[in-house]
Undergrad: 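Submitted below is the structure of interest, expressed as structure tokens.
Here, residue 1 is the first one in the sequence, and each next residue gets the next number.
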Amino acid sequence: MKIMEHLKKVFSLDYRSLALMRIGAGIIIILDLAERVRSLTAHYTDAGVLPRANFLELYNNPWLISVHNMSGTAVFELVLFIIAFLFAVSMLIGYRTTLATAISWFLLVSLQNRNPLVLQGGDGIFRCIMFFAMFLPWGKRWSFDNFLNRQKPAEEKTVFSAGTIAYITQIFLFYFFAGVLKTGAQWHDGTALYYTLNIDQFATRLGHWLLNFPALLKFLTKSTLVLETYGAIAMVFPLFNQYTRLVAVILFAIFQIGINTSMSIGLFGTISVVITFGLLPSIFWDKVLPWFALSRRKGLTMYYDRDCGFCTRAIWYVKRLLFLSEYTKVIPAQEAPEIEEVMRRENSWVIVDEMGRKFYGFDGLIAAMRFSPLWWPLIFILKLPGIHNLGEWSYKKVAESRLTICLPPKKERFSQGKEKRGKFLRSAGEIIICTFTIFIICWNIDTIPSREKKIVPNFLKPVAWVTRMDQKFDMFAPYPMTDDGWYVIPGKLRNGSEIDVYKDGAPVSYGKPPLVSKTYMDQRWQKYMMNLWRSDFSKYRLYYGKYLCRTWNNEHTEDGEKLEEFKIIYMREDTLPNYQTPTIKPTTTWEHYCFK
């Protein structure tokens, strides 16, 4: 019995934290789609760097399922992107949350499977969290599902289930094995960050500046190992778990912000922070956040129509969603005749601020948000003309039909059948989730290089590939790479001119760019070009060459400007110990002839 109590303390999650993670996950998917769509043709169509036929031939893993392989046209890909966006929005706002989460996970995996060469470290952990999210009740708070629920919502703050155990275990494995796999000497002699920040493809200006402080880098190197290993343990430490977990989440957030500002790694840092939101303990919402809250300002009063069930539910939902404090008064307008008259005239709730000013409709929401400790930064966005007009129109439409929205509770005879199906699905889900929890623990143990005998048999590996729960958290492990560089692609046009194809026709220059990490359009091209340098991806260089020919010659129609041939030259620069000056070694990785 005591063991179960300890398990509940360690593996329970706050509904509000899960809701915040859901919102963050929806935003990440939208940002990811927005970035990927800029290179939609290049990365996901048959006219790009990896046509489907060549990908299926070279990658040769039939277990990687992707709906993106159904067609190689840009139109088809765009439709899939739009569908993924719509389900991400549905998940974000919490409408049909479980369904939206499941489809978002499937479409995310499909997108990642289409072109593995553009994937970065955050993609792997994000798809794993999205898988377990299908078994988490992250739509119980701050969601349309909760708002439209015609039954009385549960009052408990936390949930304990097989899903919460699986999610916490996954986060633990992510950080713990990120530390365990860092076995290289550089991590233990304190030079790992020196080598990491010398990887020019990643380093930002701040990263280069930090190289001036070797003692600090040595301290941060050691701290990284300690934080990843013991911070992960703090998440599941049974004593004072709420406090140790909160400290761990905050430290990991600071850690990821530091990485993101010193290295150009796209959404990796954002993903790493957002996936820990679900770990925020109840004390964060009940004690820490109110202590910082701007909502401690007194004076906000919200009046509503108590004769409208929808209005009664909505006003309390808004208060909870905005984290308005106990100082905020929520009063039926019928208790104040002068306010009731205004409410009837404006057909709106009435929001009164600390100065006695009255606000109606969408402006009332904006006025209430001024008192929110979390959402007040969004006020300037809501005041933008287009968004404000849309908000006012939406509020008026809802106000006009508010009485018809108040549907009666479902009849018990209908809910009983649904409850039976729900119990069956929950039981099946718990069996699946428990199995996968054990599976990923064994899978991560197998990633330890010193292990010769593997736990997961080969015949079970397709299970991981189909669900994409295959994972290895070896960021800069066992040690950071020491060879980096930049690309120069000198090409000859039919008129005899020599241009740099990589720089859109600029004059050829072999000098080192001021900031190599800025020579890539985004993180997807960054990962693609870095992978193209690796010998195990050398077969993909042919299709990149064909893409460059096709793209250039389609954009330059005059015969003399046609691209005839080019070389892909990698200006290799190996990082040497103790700040020694490296030697640049131009390496031709590919020669291509466009008309042969």
Undergrad: Determine, for R114 against E77, whether the closest basic-nitrogen to carboxylate-oxygen distance falls under 4.0 angstrom.
TA: no
Undergrad: Tell me, please, which residues at least two apart from F537 pass ring pair (Phe, Tyr, Trp, His ring centres under 6.0 Å).
TA: Y540
Undergrad: Got a sec, which residues hit ring pair (Phe, Tyr, Trp, His ring centres under 6.0 Å) with Y175, two or more places apart in sequence or on another chain?
TA: F252
Undergrad: For D200, is there an ion pair with R205 - N to carboxylate O distance below 4.0 angstrom?
TA: no
Undergrad: Using modelled atom types and a 3.5 Å cut-off, is there a donor and acceptor pairing between side-chain atoms of K503 and backbone atoms of V488?
TA: no
Undergrad: Quick one: does any side-chain atom of D484 pair with a main-chain N or O of Q201 as donor and acceptor, under 3.5 Å?
TA: no
Undergrad: Does a side-chain N-to-carboxylate-O contact under 4.0 Å join E573 and K585?
TA: no
Undergrad: Ring centroids only, cut at 6.0 angstrom: are F176 and F473 within range, meaning strictly under it?
TA: no
Undergrad: Is any side-chain N of the basic residue among R524 and D32 closer than 4.0 Å to the acidic one's carboxylate O?
TA: yes
Undergrad: Using the ring of each side chain (for Trp, its six-membered ring), is Y194 parallel, tilted or perpendicular to Y579, with breaks at 30° and 60°?
TA: tilted
Undergrad: Got a second to check how far E35's CD is from L31's CG, nearest 0.5 Å?
TA: 9.0 Å
Undergrad: So, taking the atom named OG1 in T191 and the one named NZ in K218, what distance separates them when rounded to the nearest 0.5 Å?
TA: 9.0 Å
Undergrad: So, S497 and N495: side-chain donor and acceptor under 3.5 Å apart, yes or no?
TA: yes
Undergrad: Nearest 0.5 angstrom please: I23 CD1 to M91 CE, how far?
TA: 10.0 Å
Undergrad: Using modelled atom types only, decide if a donor and an acceptor are shared between the side chain of S39 and the backbone of A42 within a distance under 3.5 Å.
TA: no
Undergrad: Are side-chain N/O atoms of T97 and D145 paired as donor and acceptor at under 3.5 Å?
TA: yes
Undergrad: Less than 4.0 angstrom from a charged side-chain N to a carboxylate O is my criterion; do D446 and K454 meet it?
TA: no
Undergrad: Within the distance-only criterion (no hydrogens, no angle test), does the side chain of S66 pair as donor or acceptor with the backbone N or O of S110 below 3.5 angstrom?
TA: yes
Undergrad: Any luck finding a side-chain donor-acceptor pair between N198 and H208 under 3.5 Å?
TA: no
Undergrad: Identify whether the distance between the nearest side-chain nitrogen and carboxylate oxygen of D123 and R468 falls below 4.0 Å.
TA: no
Undergrad: Could you tell me whether the side chain of N260 and the main chain of G269 form a donor-acceptor pair under 3.5 Å?
TA: yes
Undergrad: Centre-to-centre under 6.0 Å for F132 and Y167, is that the case here?
TA: no
Undergrad: Give a yes or no on whether a salt bridge exists between R494 and D559, defined as a side-chain N under 4.0 angstrom from a carboxylate O.
TA: yes
Undergrad: Is the W590 ring parallel, tilted or perpendicular to the H592 ring (thresholds 30°, 60°)?
TA: tilted
Undergrad: Would one find more than 12 heavy atoms of other residues, nucleotides or ligands at under 6.0 Å from atom CZ of F595?
TA: yes
Undergrad: Is the distance between the ring centroids of Y570 and Y487 under 6.0 Å?
TA: yes
Undergrad: When the ring centroid of W105 is compared with that of F131, is the distance short of 6.0 Å?
TA: yes
Undergrad: Step by step, would you call F81 with H68 a side chain to side chain contact (heavy atoms under 4.5 Å, CB included)?
TA: CA-CA 10 Å; F81 270 62; H68 290 263; 4.1 Å; yes
